[in-house]
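Please read all numbers here as calculations on a predicted model, not as lab measurements.
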Amino acid sequence: MTLRLLFDEIRSNVQKISSDLGYPLVRFDVSEASQPEFGDVSCNIGFLLAKPLKKRPSEIAESIANEYKKYKTSFVSQVNVHPSGYLNFVANHSAFIKSVMQSSARQDYGKFDLGKSSKIVVEHTSVNPNKALHIGHVRNIVIGDTMARILNKACYDVRVLNYVDDSGLQVADIIVGFRYGGFDIESAQNQKFDHYCGDVVYVSITERYEKEPLLAEKRTIVLKELEEGNSEIAKFGDKITRRVLEEQLKTCWRLGVTYDCLNFESQIVRSRLWNVVLDKMKSMGLIYLENEGKNAGCWVIKSDSETEEDKILIRSNGIATYIAKDIPYATWKLGLLEDPFYYKQYTVQKNDRILWETTLENIGTKMNFTGDTVITVIDSRQSRLQKIITKIISDFKSEGKSYVHLGYESVTLSSDTAKNLNLETEGKSVQMSGRKGIYVNADSVLDILGKKTYEEVKKRNPELDDMLLVKIAEQVAVGALRYAMIKQDLDKIITFDMTESLESRRRYGAIHTIRIRKICENS
RNA sequence: GGGCCUGUAGCUCAGCAUGGAUAGAGUGCUGGACUUCUAAUCCAGUGGUCAAGGGAUCGAAGCCCUUCGGGCCCGCCA
């Protein structure tokens with residue numbers, strides 16, 4: 001908050017000078033200069049006093065500047081008046097930077113009490129446990145983690161959750177691959193397990209469904225067994241998804257990201273939480289049983305607009321839809337219902353933060369990872385569904401904004417990068433797809449980035465110990481990737497280009513300020 | 001058809017909430033410096049109808065309206 005000190009110093013001095021000169025009190029701005037040549041900080045007091053004093057803005061600014069120069073100040077080295085009327089200041093950079101460096105080294109750097117220790121949940125990552133994390137997932141993870149860090153600095157009591165959809169179709173696909181597709185459980189090339197499952201098993205099995213209807217049939221059976229839970233297939237699925245999850249988490253930790261609790265979808269399904277929520281929604285009249293029309297026999301959420309379709313929650317065959325799985329989880333995150341789970345330690349993460357996981361076994365330990373506000377980080381393609389969930393939750397819990405969807409535009413691959421994946425796109429960028437194998441794995445990017453950085457650092461510092469070089473290279477690679485994912489607005493699509501990401505190494509040292517206001521606005 | 005997002009320099013983007021200075025940065029390109037070359041670094045130059053049109057305003061990249069281009073979403077899939 002050293003910048004604040006600089007602004008405050010200027011503000012209070014200008015205020016004092018203005019009143020000493022007998023000028024009327026006005027609410028003036030002290031802000032960053034619009035262009036470097038004007039200096040570092042600008043003040044518009046001249047314009048505001050022009051009318052009451054009947055003088056030119058520059059004249060007034062001049063009088064203030066003359067007084068200002070007599071002041072002994074710690075952060076300002078120059079005061080200038082622009083002919084237009086602005087009062088411009090140049091910071092004393094050496095003093096300023098020294099102060100920034102000193103204060104940023106402190107543990108409480110940047111801390112401000114906005115949250116008053118209120119409980120807030122951030123859910124991010126939430127990748128299906130059947131594949132490795134790709135560059136698109138990384139944007140989600142970095143946004144979520146950055147958000148959590150900012151909220152933590154803002155004195156919120158932050159809990160970070162990662163939702164593991166271990167009972168869905170995508171998981172069923174790799175189980176089919178192992179059980180009926182002839183894939184060995186171990187990769188022949190000794191690949192990282194999540195890469196093996198995603199790059200090899202998942203991609204080829206989905207390709208084979210078209211030609212092998214028998215496999216497609218197996219998928220339906222596997223999916224059903226996964227949801228029901230006690231079969232041998234379900235136990236096998238559990239073993240596989242946990243192994244994938246373990247590898248995914250390694251990538252997250254590598255990115256410097258840690259969590260508080262893992263939530264497993266299979267447990268939410270088996271906990272019967274859904275029935276409780278459903279009864280509540282029925283009794284509150286939030287959902288209706290449709291008697292006629294194309295949705296006859298389904299339980300639906302009525303759309304309040306004429307152009308939007310009603311949303312089906314329960315099909316005419318009694319099976320809940322995808323969105324229905326998200327509702328009980330949302331109510332759990334907000335602590336609106338009795339918690340059916342017990343908690344056990346999954347592991348202790350690098351920064352000593354304990355990672356918990358839910359369990360349905362009564363092992364006695366209860367924890368609380370709920371929040372008064374819940375932020376769910378999901379890309380904006382899910383906006384429509386998230387809007388419906390937000391609406392339902394606000395009907396449940398009337399007070400304020402409790403469920404917040406933090407959306408962002410997705411990451412696409414540049415035409416050149418797609419070409420390297422043997423995909424011709426005619427110069428256009430392309431949406432990633434795990435199913436089609438169109439993606440770039442996060443680990444690969446970090447590896448290549450790290451290797452490149454290692455060479456650069458070694459060239460400049462040949463005397464350094466090799467272990468240290470590797471460590472530095474990894475840190476720089478992680479920093480570069482994180483920065484690349486967060487540097488632009490959430491509502492802008494990031495087109496990822498492998499070659500370009502390697503060339504951006506010059507920007508590694510960039511100290512950037514995250515536009516906190518913009519992000520906080522959403523919470 | 002409806003909804004959300006987007007359009008600013010060759011490229012990638014800031015700036016837009018809260019209108020006010022000559023519209024900025026990085027990169028690219030051109031030239032120069034660093035006693036040879038290359039790389040790196042530094043300096044200088046180059047580069048814009050702020051998608052288009054209209055409106056309100058003393059004043060618009062920014063606010064309002066219209067149009068056009070691009071992306072995404074709209075399933076008894078997940």
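With rounding to whole Å, A:His405 atom NE2 is found 15 Å from B:C4 atom P. The CG atom of A:Asp416 sits 13 Å away from the P atom of B:U12 (whole-angstrom rounding).
Both A:Gly297 and A:Asn88 lie near RNA chain B, and the one whose nearest nucleotide falls closer to the 5' end is A:Asn88. With the nearest nucleotide of RNA chain B identified for both A:Thr321 and A:Tyr86, A:Tyr86 has the one nearer the 5' end.
Contact annotation for A:Ala172: no contact, since no heavy-atom pair falls under 4.0 Å across all strands. If you check every strand for non-hydrogen atoms under 4.0 Å, A:Ser42 touches a base.
Judged by the 6.0 Å and 45° rule, A:Arg270 forms no cation-pi pair with A:Phe264. Cation-pi contact between A:Arg219 and A:Tyr209: present, with separation from the ring centre below 6.0 Å and deviation from the ring axis of at most 45°.
Side chains of A:Lys333 and A:Thr376 form a contact here, defined as non-hydrogen atoms less than 4.5 Å apart.
Less than 4.0 Å separates RNA chain B from no heavy atom of any residue of residues 125-143 of chain A.
Atom NZ of A:Lys282 has more than 12 neighbouring heavy atoms from other residues, nucleotides or ligands inside a 6.0 Å radius.
Residues forming a side-chain hydrogen bond (donor to acceptor under 3.5 Å, both in side chains) with A:Arg482 (at least two apart in sequence, or on another chain): A:Asp145. Qualifying side-chain hydrogen bond (donor to acceptor under 3.5 Å, both in side chains) partners for A:Ser383, counting only residues two or more places apart in sequence or in other chains: none. With sequence neighbours left out, A:Thr495 forms a side-chain hydrogen bond (donor to acceptor under 3.5 Å, both in side chains) with A:Thr412.
With hydrogens and angles ignored, no donor-acceptor pair under 3.5 angstrom links the side chain of A:Asp173 to the base of B:A78.
Scanning RNA chain B for stems, defined as runs of 3 or more consecutive Watson-Crick or G-U wobble pairs whose donor-acceptor distances all fall under 3.5 Å, gives the following ranges: B:1-7 with B:68-74, B:10-13 with B:24-27, B:28-33 with B:41-46, B:51-55 with B:63-67.
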Sort me out a list of protein N/O and nucleotides 70-75 of chain B N/O pairs below 3.5 Å, or just none if empty.
residue	atom	partner	partner atom	Å
B:C74	O2'	A:Arg384	NH1	3.1

